[in-house]
Visitor: 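Next up is a structure, given as structure tokens.
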Amino acid sequence: MAKSSIIQREKKRADLVAKFTAKRSSIKNKLRDENLTYEEASLLRKKLQKLPLNSMPTRQRKRCSLTGRPRGVYRKFSLGRSKLRKAAMRGDIPGLTKASW
């Protein structure tokens with residue numbers, strides 16, 4: 001089980017990403033304009049840099065929804081590999097069976 005502080009940090013990052021998505025995308029769209037002068041582009045880049053670092057979507061990490069484990073997480077189920085295996089063995093996930101050949 002991951003520390004609860006780490007899980008809360010990830011939730012805070014998700015909130016910040018949602019809060020600043022519109023502002024970040026509008027600044028990036030303005031930067032894509034080819035008719036910008038160097039000064040205007042540098043001002044827009046400074047605005048982008050002033051946004052909180054944790055508002056960048058790349059800072060987020062997928063975690064297991066049950067344990068908070070950061071590695072070995074299946075996106076489709078949002079579960080870690082060990083919890084996914086246990087849930088599949090119990091039959092909690094419809095259509096998922098253990099492979100046998």
Visitor: Going by the side-chain hydrogen bond (donor to acceptor under 3.5 Å, both in side chains) test, which pairs reach into residues 63-76, not counting sequence neighbours?
Guide: none
Visitor: For residues 91-101, run the donor-acceptor check on the side chains, cut-off 3.5 Å, and write out each pair with its distance to 0.1 Å, sequence neighbours left out.
Guide:
residue	atom	partner	partner atom	Å
Asp92	OD2	Arg90	NE	2.8
Asp92	OD2	Arg90	NH2	2.9

Visitor: Which heavy atom of Ala14 sits nearest to which heavy atom of Gln60, and what is that distance?
Guide: CA-NE2, 3.0 Å
Visitor: With a cut-off of 6.0 Å (strictly less than), are more than 12 heavy atoms of other residues, nucleotides or ligands near CZ of Arg85?
Guide: no
Visitor: Members other than Val17 in its cluster, when Ile, Leu, Val, Met, Phe, Trp, Tyr link by side-chain heavy atoms under 4.5 Å?
Guide: none
Visitor: Running the 4.5 Å side-chain criterion over Ile, Leu, Val, Met, Phe, Trp and Tyr, what cluster does Leu16 land in, apart from itself?
Guide: Phe20, Ile27, Leu31, Leu36, Leu44, Leu48, Leu51
Visitor: Compare every heavy atom of Gly80 with every heavy atom of Cys64, then report the nearest pair and how far apart it is.
Guide: SG-N, 3.2 Å
Visitor: Who are the side-chain contact (heavy atoms from CB on, under 4.5 Å) partners of Lys3, not counting sequence neighbours?
Guide: Ser5, Ile6
Visitor: If you look only at pairs with a residue in residues 10-36, which of them pass as a side-chain hydrogen bond (donor to acceptor under 3.5 Å, both in side chains), with sequence neighbours excluded?
Guide: Glu10-Arg13, Arg13-Asn54, Arg24-Ser55, Asn29-Arg32
